[in-house]
Amino acid sequence: MIQVAKIIVDVPTMQTNSPYSYLIPKQLTNELQVGMRVVVPFGNGNRKVQGFVVQIGMEEVDADQLKSIESLMDLEPVLNTELIQLSRWLADTTFSFQITCLLTMLPNVMRAKYSKQLKIVDDQMSEEQLADILPSTQWQDFETDTLSPLQQSELSKLRKQGKIEIVYRVKNQAQTKQIFQIKSHINAEQESGIVDSLRKNATKMRDLVHFLANQSKIVSQTTLEKKLAISSATIKAGEAKGWLVRKKVEQYRDPYKEFKGKTTPLTLNQEQQTALDEISQSIEKSQAKTFLLEGVTGSGKTEVYLQTIAYALAKGKTAIMLVPEIALTPQMVTRVKGRFGKQVAVLHSGLSDGEKFDEWRRIKRHEAQVVVGARSAIFAPIENVGVIIIDEEHETSYKQDDAPRYHARNVAQWRSKFYNCPLVLGSATPSLESRARSERQVYQLLRLPNRINGHPLPKVQIIDMREELQTGADQNFSQPLLNAIDKRLNMQQQSILMLNRRGYSSFIMCRDCGFVLKCPNCDISLTLHMDSRSMKCHYCGHEEPIPKQCPNCHSRKIRYYGTGTEKVEQELKTKFPSARILRMDVDTTRRKGAHERILRQFGERRADILLGTQMIAKGLDFPNVTLVGVLNADTALELPDFRSSERTFQLLTQVSGRAGRADKLGEVFVQTFNPDHYAIQLAKTQNYENFFRKEMYIRHQGKYPPYYFTLQITAANKEEKMAAQKMFAVLKELRPQLSADAIVLGPTPKPIARVKNKYYYQIVIKYKHEPNLHTAVTKILQESQSYYRQGIQLSIDAEPQSFM
DNA sequence: AGCACGCCGACT
DNA sequence: GTCGGCGTGCTC
């Protein structure tokens, strides 16, 4: 029996997906703890890899069969036992590697950077000889895959002969920000004496002395430099003369330090109070209970969340609140920070890696008790959780679409059970899954049916674009909508126009031969981008110039079809030359902070019309907006996806809520080619209840969730045949493990069959109760490693968001 | 991922 | 007869 450390190594493969035992060097026995990152030698060449210590204990093995831990990467654990346990569960349920899960839970800087270095170890070998193969400038940090095959084989030959060595290094990216703080060592009496000793023209020095003489508080070097317009050299000189001392201290990169305001709890109405009481009671009793808070737009869900959090804090506990990435606006953050101040840590993708790391450390050090963030914030290293809240729980962005394919809601449920605390799911339009669970009393339903200000919901008008087009109207704008926009411009009120662009945007087509310009790598048409004057592929990023003539028949009658925000913006400009238009889509918001800037401009009424894609539908509150127009309500309806009705209903309901929130009554125009579709008709009256019933019936008929569980298995390969064959083979192996009740769809090519030069084939399994499925699928995944080398990638998605 | 081993074809 | 191609297995 010897003491060993069980380590998950940073090698994401199926074969290495379990802990490896390592010896603990004597000098580390007191230091090493579970949850730390370490560097370990791994594999034949003993290359260094990062690893996570998941357990320390005794094991019945021979010491000389084990290797030793090389070094520590952390002085204290980065993971607690809860998160280690969670990672194991997550890897199992999402069919992914535990190492991938561990890295997903941590800030990006915890991901090690690896570098390789060439070293000559044989004196027979000269530097020139090696330089003939690889220039000496590249010996440091070289990448194997950038070398030619010849170079690779030459180097490996030398290595086998023992002439050279490849030194592996693991670099820790987790850096803290250090700043200098300055403390004065002189007082007012000393000032004149020192000044006299200076040269006459030493003005900067004099400024510094004057400042120090009258300053007893500690200031940072940067503020001092700015304040006195002096350089660090002056300060260093001052340090040398003993006027001041400089001290290096760690500083958090606080992305929200400018927010200072304080907000006080609002008075709750009866329903809000009931909801708060129910959840508080559950916090009080430490119940791992899930609540579904169903509240129409403007019903004051956020206030309930905030007071729930306040209750948890008052009980000495902490809270996590998840918000969709897109809704994590400065307004939102200010509101929470205004209530809980420095106790709040914010985590979202807009922060730099350093900022995220610092917020994460604040949480870990118990300096923050409230975590607000997007999907991955569910892994915040917070302890003693009193309540978890997921706002807009129906949002698809809570499901990660690459490995580990987890749903934040499921992770939240796991943590809620771990901490025996309630989980609150809030939405105006709950996902069918959640609503169905509350129907069966699995979740407790809490309702907020009334808007807090008592204002009626906006009037929604459905416009039949088929009729509109017959009367020769514009492709994008119906007459009633144009009139309504015109009216707002005259009344100095603002309008929001939404273009539903999912899977559909402007492409170009030849009018003579029907040729459509497609991506050479993917099976989809290229999208026109006027800002860069090019055609871009939204899947792989391929870009090429806009053709002047048809590449197929050389006709010049090649023109734009479909609708993109840019094109609509152009049209709006011609129709309303005086209107100030702001466009918000993936292209205008790519840069950091662009999103906020556009919204602020609009909020400050520096524009009349906000034109954008789905992203404008979420959680914005502009009191001066009285018109919302949805230009094409049904593009999502046409997608081959069983959730398309649900998405459309949610989107329309949400965007309608943007109109007339304050004292002005709002109006909503929905342009559609399917005016009779139930998702559109029921969104008109914001009738969630009827939509739920109708959609549940349809899901029942089609044997879809929430009546059935779903599992999607996809194979990808450069050869279409290979991908297809693999899927048939997988199904053949899986079928005997399934009961007669399981329904298998496919194998079929994905609706977008080719992306980045790869073909995708998939099967979807719909099932109610399959005790063998999990094991069978895990086995298939394990076996997939053997054909992974042939470029066949198998991926498994439990409860996919769509089948596309 | 990256390295060793081992089994086949094309060369000195 | 050997060198080197890459298919396969293993890494505490």
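What you see below is based on every heavy atom in this structure, not just the backbone, and it leaves out hydrogens, waters and symmetry mates. Quick caveat: nothing in here was measured; it's all calculated off a predicted structure.
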- Item | Residues Glu359(A) and Lys356(A) bridged, charged N to O under 4.0 Å | no
- Item | Glu250(A)/Arg365(A) salt bridge by N-O under 4.0 Å criterion | yes
- Message: Measuring from the side chain of Gln15(A) (C-beta onward, heavy atoms only), which nucleotide among dC10(C), dC12(C), dA4(B) has the closest atom?
- Response: dC10(C)
- Item | First encountered from the 5' end of DNA chain C, between Gln790(A) and Lys157(A) | Lys157(A)
- Message: Rounding to an integer number of Å, can you tell me how far Asn17(A) CG sits from dG9(C) P?
- Response: 19 Å
- Rounded to whole Å, the CD-P distance (Gln3(A) to dC12(C)) equals 20 Å
- Query: How would nucleotides 7-12 of chain B be written as a contact map, 5' to 3', with B for base contact, S for sugar-phosphate-only contact and - for no contact, using protein heavy atoms under 4.0 Å?
  - Reply: ------
- Minimum-distance pair of heavy atoms, taken over all atoms of Leu32(A) and Ile56(A): O-CD1, 3.7 Å
- Message: If I take atom CE in residue Met14(A) and atom C1' in nucleotide dA1(B), what distance separates them, rounded to the nearest angstrom?
- Response: 16 Å
- Please determine if Arg361(A) forms a cation-pi arrangement with Phe357(A), meaning its NZ or CZ atom is less than 6.0 Å from the six-membered ring centre and no more than 45° off the ring axis. yes
- Query: What's the closest nucleotide to the Arg789(A) side chain, out of dG2(B), dA1(B), dA4(B)?
  - Reply: dG2(B)
- Query: For the pair made of CD in Glu154(A) and P in dG4(C), what is the distance, rounded to whole Å?
  - Reply: 8 Å
- Euclidean distance, atom CD1 of residue Ile166(A) to atom P of dA4(B) [Å, nearest integer]: 9 Å
- Task: Find out whether the Lys NZ or Arg CZ of Lys726(A) is both under 6.0 angstrom from the six-membered ring centre of Tyr787(A) and within 45° of the ring's axis.
- Result: yes
- Could you say whether Ser786(A) or Leu23(A) is positioned toward the 5' end of DNA chain C, judged by the nucleotide with the nearest heavy atom to each? Ser786(A)
- Query: In this structure, are over 12 heavy atoms from other groups packed under 6.0 Å from Glu733(A) atom CD?
  - Reply: yes
- Could you check which of dA4(B), dA1(B), dC12(C) has an atom nearest any side-chain atom of Arg47(A)? dA1(B)
- Message: Distance check needed: dG2(B) P versus Gln785(A) CD, whole Å only.
- Response: 14 Å
- Task: Would you kindly give the CG-to-C1' distance between Leu66(A) and dT11(C), to the nearest whole Å?
- Result: 13 Å
- Measure from NZ on Lys6(A) to P on dC12(C) and round the result to the nearest Å. 13 Å
- Note on the structure: By nearest-nucleotide position on DNA chain B, the 5'-leaning member of Val11(A) and Arg159(A) is Val11(A)
- Message: Need one value for Tyr22(A): base, sugar-phosphate or nothing, where a base atom within 4.0 Å counts as base even if backbone is also close, heavy atoms only.
- Response: sugar-phosphate
- Can Gln793(A) and Lys758(A) be counted as having a side-chain donor-acceptor contact under 3.5 angstrom? yes
